[in-house]
Amino acid sequence: MNQTAPWTLDRLQAFLHKFFGKGNDAWPNMDPDHPLTERTEPFVKIALGNNDAPIVLPRWVAEDQSYSMYAIARDPADVGKAAELIEAFAGPTYIHCNMERGGLRPALLNRDDPVERSIIDLAGERSTFRLTTGTGAYRQNLTDALRLMQQTYVRRPPRLWRVVKPIGRLIAEFDAALSAGSEAASLDLLEQLAAAGGLTATNLAHLKLKRLDRLGVSTKVLAFPALQDVARQDPPAPVKAAILNAVYTVALEEPLAVRNLEAAKSNLITHGRAVPELLRGDPRSYGPQAMTVLLLACVILKNADAARRFVAVAEDLDQTPEISGLVLNEANTLVAQASQDLDPSALAQTEEPADTIAPISGWPALFFALADGDIAAKQALEEEYWSLWPTPAEHDTSLAQFLDELSDGAAKELWRAVGSFIDAVGYDEPAPACAHAFIRNAVLFNRYSPGDLAALQALMDIALRAAPSSEQYAEILKDIGSDTERWAAPERASAVLDFVDRLFLAACPDPEARTSLCSRLLGPLSAHSRRLNEADLAFARRLSEDLGIDFSWDAPASEDGEENSPTGFPPATLLLYSLDEAVLSRCQDELKRLAPTVKVLTAYDHVGTPQLRQKARTANVIVLATRCAKHAATGFIDQNKTTKHVGYANGSGSASLLRAAVDALRLAATES
């Protein structure tokens with residue numbers, strides 16, 4: 001257990017008396033003669049029993065007739081497992097809360113509420129799910145489903161051991177989830193890393209900042225606790241870039257767009273207090289936004305030596321066309337003035353030496369170093385040296401062959417590079433043989449966690465974009481489908497549908513192989529279609545029709561036994577952002593059928609544009625897919641939005657984007 005205090009019987013009993021105290025009429029004071037005792041006592045007995053099942057307890061408030069079920073993971077490391085259990089037994093059929101981010105999420109409990117404060121005192125802040133549903137029969141069904149969940153869990157064969165993922169494996173999954181655009185999975189992995197306790201607070205902060213940068217939430221980056229201390233400790237290059245990108249978006253983008261250099265300087269002084277600490281180190285992996293911040297900081301600080309170094313790097317990387325001419329001119333003037341005061345020999349002595357370059361200088365060397373356990377490989381991944389290398393596509397065949405010839409131990413280590421590989425390849429430069437080798441790696445080592453599935457879908461996308469031959473196509477689909485019974489299930493519906501949609505969108509040299517795999521993926525969803533939410537159900541029907549696969553898709557029944565029909569959405573303007581235009585088009589088409597009153601705008605810009613600004617300002621709801629997304633665009637959207645209703649797809653496919661859009665629209669409608 002990772003709790004700071006053990007859950008002794010006395011402590012659990014004290015908690016239960018507080019939980020069923022003021023503010024909870026489900027079993028007042030746990031009175032054995034109360035009429036609701038029979039319904040509530042079974043949950044209490046399991047909570048007090050010698051087991052590790054999630055604690056599930058009801059709450060009813062007579063005054064407003066509200067009803068909730070609280071599910072509490074007994075260990076922070078079990079939060080993800082608890083979420084999967086709840087979705088498997090109850091799912092969207094009964095649960096009407098906390099599903100807006102692509103999956104069930106722990107609740108933000110209220111410390112001022114005595115009932116929720118008792119939970120916080122027992123289990124901490126992020127270990128509890130607050131589950132609500134409709135009235136009448138739905139409440140009864142939710143209660144029965146959760147009781148069955150507990151009874152089934154308690155009756156399972158006892159396990160005398162527990163699989164604990166190594167910290168390195170969790171970090172690799174986090175990087176893969178982040179690169180594949182799996183927003184909820186990356187957050188889950190962050191919480192697992194925090195609960196595991198194997199990372200320092202500084203290293204955990206680095207991962208959080210990388211994630212915020214990927215989401216494009218610049219204001220949250222600059223508001224990050226102890227940001228100054230993070231910058232002072234010489235963090236890895238991606239963390240420095242995250243801070244610099246955020247400073248550019250918040251402080252410099254708008255004034256430089258109207259050529260107001262003085263306002264840009266003033267804003268940088270106000271918002272860039274951490275920037276002077278970031279003038280050290282190798283800036284070659286930074287983009288033009290970060291370089292603009294560094295150059296303007298050098299001008300303000302009159303640091304000619306650093307300015308000379310950054311100008312040289314920008315010229316070497318051909319970034320100068322993308323850097324503000326105002327800033328570049330100021331930096332060049334500073335360097336020229338300083339150079340006039342020094343003779344050439346003195347100038348050479350004042351040059352700040354470049355940081356030591358890692359000995360790894362390409363993808364083949366990285367793969368070899370990872371397989372060999374070389375610490376330089378870890379450094380290359382942490383510092384993202386790979387962003388300076390030629391694309392992996394240049395070594396596609398040799399990298400794939402190397403992966404396939406590794407021993408099991410070395411092959412496990414290579415998964416650390418999958419996130420970097422997905423980022424480096426992007427959408428434009430497929431490396432199909434290496435992507436297929438990574439797919440075989442995933443299947444061999446049963447990599448089917450939510451984050452791994454997002455990475456697996458991205459790898460399949462990379463492999464299929466290269467127009468494989470009929471034989472190659474069939475082999476890729478055979479590997480993807482070799483273990484579908486382990487992960488194709490209603491609680492992972494959007495991930496399953498992303499796979500099917502990509503198969504439909506990609507060129508198909510072997511229709512029989514495609515139909516076979518799609519049938520195996522859609523079958524478990526069809527068998528339990530009443531547990532699908534409205535977005536997944538609508539898209540499953542669409543895919544089944546598109547592929548000519550004859551499955552039945554029954555909608556969940558309402559409380560009166562009739563089939564539920566999707567509830568209409570009020571008029572709204574929705575902005576969808578993704579770098580995959582095909583995904584945007586599919587999602588837009590489906591939303592026209594599912595939400596005809598919603599105006600859907602799409603964007604796939606790599607940088608901020610006047611058109612993107614107008615769309616961001618117009619939208620009532622914004623949903624982004626972050627696979628391969630550029631901070632220049634996502635940060636621009638964040639700064640120009642006028643709504644608080646922003647959602648993120650938990651993957652890069654049409655189904656993930658559609659689910660996120662429907663959830664965000666639903667949430668916006670309930671809060672308007």
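Heads up: numbering here begins at 1 and tracks the sequence. Excluded from the calculations below are hydrogen atoms, water molecules and symmetry mates; all remaining heavy atoms, backbone and side chain alike, are included.
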Legend entry - Rounded distance (nearest 0.5 Å) linking atom CZ of F504 with atom CD1 of I549: 11.0 Å
Legend entry - Heavy-atom donor-acceptor pair, K599 side chain to L574 backbone, under 3.5 Å: no
Inset, instruction - Would you kindly say whether S218 and D638 are connected by a side-chain donor-acceptor distance under 3.5 Å? - result: no
Legend entry - Whether S585 side chain and E581 backbone form a donor-acceptor pair below 3.5 Å: no
Inset, instruction - Check whether the side chains of H436 and D479 place a donor and an acceptor atom closer than 3.5 Å, and report yes or no. - result: yes
Inset, instruction - Show your working on side chain to side chain contact (heavy atoms under 4.5 Å, CB included) between I462 and Y427 and close with a plain yes or no. - result: CA-CA 7 Å; I462 293 167; Y427 284 114; over 6 Å; no
Inset, instruction - Return yes if a side-chain donor-acceptor contact under 3.5 Å exists between Y67 and T143, otherwise no. - result: yes
Legend entry - Interatomic spacing from CG in L85 to CD in E491 - rounded to 0.5 Å: 9.0 Å
Legend entry - Under the side-chain hydrogen bond (donor to acceptor under 3.5 Å, both in side chains) test, residues paired with W487 that sit two or more places apart: none
Legend entry - S652 and D580, any side-chain heavy atoms less than 4.5 Å apart: no
Inset, instruction - Can you spot which of L657, D546, L591 makes a side chain to side chain contact (heavy atoms under 4.5 Å, CB included) with R586? - result: D546
Legend entry - F174 six-ring centre to R211 NZ/CZ under 6.0 Å and within 45° of normal: no
Inset, instruction - Compare all side-chain heavy atoms of L477 with those of R514 and state whether any distance is below 4.5 angstrom. - result: yes
Legend entry - E534/R666 ion pair, N-O < 4.0 Å: yes
Inset, instruction - State, without any angle test, whether Q614 and T618 hold a side-chain donor-acceptor pair at a distance under 3.5 Å. - result: yes
Legend entry - Side-chain ion pair, R486 and D483, N-O less than 4.0 Å: yes
Inset, instruction - Examine R542 relative to F539 and say whether NZ or CZ is less than 6.0 Å from the centre of the six-membered ring and inside a 45° cone about the ring axis. - result: no
Legend entry - Salt-bridge contact D188-R126 (side-chain N to carboxylate O under 4.0 Å): no
Inset, instruction - Give a yes or no on whether a salt bridge exists between D536 and R659, defined as a side-chain N under 4.0 angstrom from a carboxylate O. - result: yes
Inset, instruction - Check whether any side-chain heavy atom of M460 lies under 4.5 Å from a side-chain heavy atom of L503, and answer yes or no. - result: yes
Inset, instruction - Check whether the ring centres of F421 and F438 lie less than 6.0 Å apart, and answer yes or no. - result: yes
Legend entry - Note: R492-E84 ion pair, threshold 4.0 Å (strictly below): yes
Legend entry - Distance-only side-chain donor-acceptor flag, S529 / W553, under 3.5 Å: no
Legend entry - R465 bridged to D461 by N-O distance under 4.0 Å: yes
Inset, instruction - Decide, yes or no, whether a salt bridge links R169 with E173 under the criterion of side-chain N to carboxylate O below 4.0 Å. - result: yes
